[in-house]
Amino acid sequence: MTALSNTVRVPEQRSALVALIAGGIAIGASPIFVRLSEVGPVSTGFWRLALALIPLSLWALLKPALVERQSLTLRDCLLLILPGLALAIDLVAWHLSLHMTSVANATLLANLAPVFVTLIGFLLFRTVVTRIFLLGLALAIIGVVTLKGGPAALADGHLAGDSVAALAAVFYASYILAIGRLRSRFDTVRIMIWSSASAALAILPFALYFEGNILPPTLYGWAILFGLAFISHAGGQVAITYALAFLPAAFSSLTLLLQPVVAAILAWIILAEAVGPLQALGGAIVLAGILVARRG
């Protein structure tokens, strides 16, 4: 039975690894969609979430077994909305940072979220912080300074954009912590639909107030938004969710490595944003720090 079980598991693990890589690439492409969007960064955040509800809802309808049949109380609804509010701030901050600094910097700094997860967990829930985590945190900080060109370059023109990207990481960490608290009570599909819907509704009034017309003027603009919502947001998340059902949690670090690398390569090819040697070295140190911190 064990040999048969292993034989069955091997194809599943292979397909899961493919899904994990595809998910990382899909999410890594998201900053390119944001840059190419014909509407403002806040409006792009709204459409990213609103349009992603289409495939997510279809997924729930086609896979009803994945959705638990339980009645929701008012308290349950409020709890399910909270991650969406954090996600809304995260996406608005990150989309803004993509227009204020380079794609490589914004994506890399937004991936500091795992570090902030532990820091917030320590401050709010007294989560144990290990020496390995502190080593990873120190590496990440050194990497960020190197990424910026050394201490003397920390005050350059992109500092505001980099700071907003780091702020996005803080709120994505809050989103992850909120999801972690809810996952023991609600299924993944329900959480994704509720968080996406509540985040879209939270972003919409700000998009209308600050950017006015939120409708892209051309079919190309709509194609970019659908690509962002279907490929990067819904497709990437679903692929990774599927993969982690068959692979160890440590494999999630693969997507962490893929996303900023894919974003930097695509930005170089499509947006002509070259990555210098010092920036590449700083990025590598930041990624190493994040991986070490996660192990701690």
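Keep in mind it's a predicted model, so treat the numbers as computed, not measured. When reading the values below, keep in mind they use all heavy atoms of this one structure, side chains included, and skip hydrogens, waters and symmetry mates.
Taken to the nearest 0.5 Å, the CG atom of L79 stands 9.5 Å off from the CG atom of L74. For the atom pair CD1 (I132) and CG (L137), the distance works out to 13.5 Å, reported to the nearest 0.5 Å. Taking OG from S196 and CG from L91, the interatomic distance works out to 9.0 Å, rounded to the nearest 0.5 Å. Here CG of L108 is found 5.5 Å from CG of L287. Values are rounded to the nearest 0.5 Å. The structure places CD1 of I32 at 11.0 Å from CG of L228, a figure rounded to the nearest 0.5 Å. Atom CG of L56 is separated from atom CE of M192 by 5.0 Å, given to the nearest 0.5 angstrom.
Considering only heavy atoms from C-beta on, R48 comes within 4.5 Å of S30 through its side chain. At least one side-chain heavy atom of N105 sits under 4.5 Å from a side-chain heavy atom of Q279. Residues F133 and V115 form a side-chain contact, since some pair of their non-hydrogen atoms from C-beta on lies under 4.5 Å apart. Under the 4.5 Å side-chain criterion, counting only non-hydrogen atoms from C-beta, L85 is not in contact with F171. In this structure, the side chains of S97 and D162 stay at 4.5 Å or more apart for every pair of heavy atoms. Annotation: side chain of I214 is in contact with side chain of W47 (closest heavy-atom distance under 4.5 Å). Between L225 and P216 there is a side-chain heavy-atom pair separated by less than 4.5 Å. Two residues are said to be in side-chain contact when any heavy atoms from C-beta on lie closer than 4.5 Å; P41 and L98 fail this criterion.
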Decide yes or no on side chain to side chain contact (heavy atoms under 4.5 Å, CB included) for L109 and W94, but give the supporting numbers first.
CA-CA 10 Å; L109 292 170; W94 189 41; over 6 Å; no
Starting from the C-alpha separation in whole Å, work towards a yes-or-no answer on side chain to side chain contact (heavy atoms under 4.5 Å, CB included) for C77 and W194.
CA-CA 9 Å; C77 293; W194 273 80; 3.5 Å; yes
Going through the distances and angles, do H233 and L51 end up as a side chain to side chain contact (heavy atoms under 4.5 Å, CB included)?
CA-CA 9 Å; H233 191 80; L51 294 175; over 6 Å; no
One pair to check against side chain to side chain contact (heavy atoms under 4.5 Å, CB included): V39 and F46. What are the steps and the verdict?
CA-CA 10 Å; V39 295; F46 165 74; over 6 Å; no
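For the pair F230 and P55, the tightest heavy-atom approach, listed with the atom from each and the gap, is CE1-CD, 3.6 Å. Here the shortest heavy-atom pairing between S198 and G84 reads OG-CA, 3.2 Å. Shown here for H99 and V34, the closest heavy-atom pair between the two residues is NE2-O, 3.8 Å. Taking all atoms of both residues into account, the shortest heavy-atom contact from A263 to T107 is CB-OG1, 3.6 Å. Of all heavy-atom pairs spanning A106 and T101, the tightest one is CB-CG2, 3.9 Å. Across V275 and A104, no two heavy atoms sit closer than the pair CG2-CB, 4.4 Å.
For residues 78-97, no residue pair satisfies the salt bridge (charged side-chain N to carboxylate O under 4.0 Å, His left out) rule, not counting sequence neighbours.
Annotation for Y175: atom OH counts as buried by contact number, over 12 foreign heavy atoms lying within 6.0 Å. Within a 6.0 Å radius of CG in L123, more than 12 heavy atoms belonging to other residues, nucleotides or ligands are found.
Under a 3.5 Å cut-off, the side chain of Q259 and the backbone N or O of N111 do not form any donor-acceptor pair.
L177 is connected to L82 through a chain of hydrophobic side-chain contacts under 4.5 Å among Ile, Leu, Val, Met, Phe, Trp and Tyr, so both are in one cluster. Using a 4.5 Å cut-off between side-chain heavy atoms of Ile, Leu, Val, Met, Phe, Trp and Tyr, with links allowed through other members, I179 and I81 fall into the same hydrophobic cluster. There is no path of hydrophobic side-chain contacts, each under 4.5 Å, that joins I89 to I191. The same ILVMFWY cluster, assembled from side-chain heavy atoms under 4.5 Å apart, contains both I176 and L49. A single hydrophobic cluster is not seen to contain both F186 and L78; linkage of ILVMFWY side chains at heavy-atom distances under 4.5 Å, directly or through other members, places them apart.
Taking the salt bridge (Lys or Arg N to Asp or Glu O under 4.0 Å) definition, one finds that E273 meets it with R35, sequence neighbours left out. By the side chain to side chain contact (heavy atoms under 4.5 Å, CB included) test, Y220 pairs with L36, E38, T218, I224, sequence neighbours left out.
Using bins of under 30°, 30° to 60° and over 60° for the plane-to-plane angle, the ring pair W222/F226 lands in the tilted bin.
Annotation: F206 is not in aromatic contact with Y209 [ring centroid separation under 6.0 Å not met].
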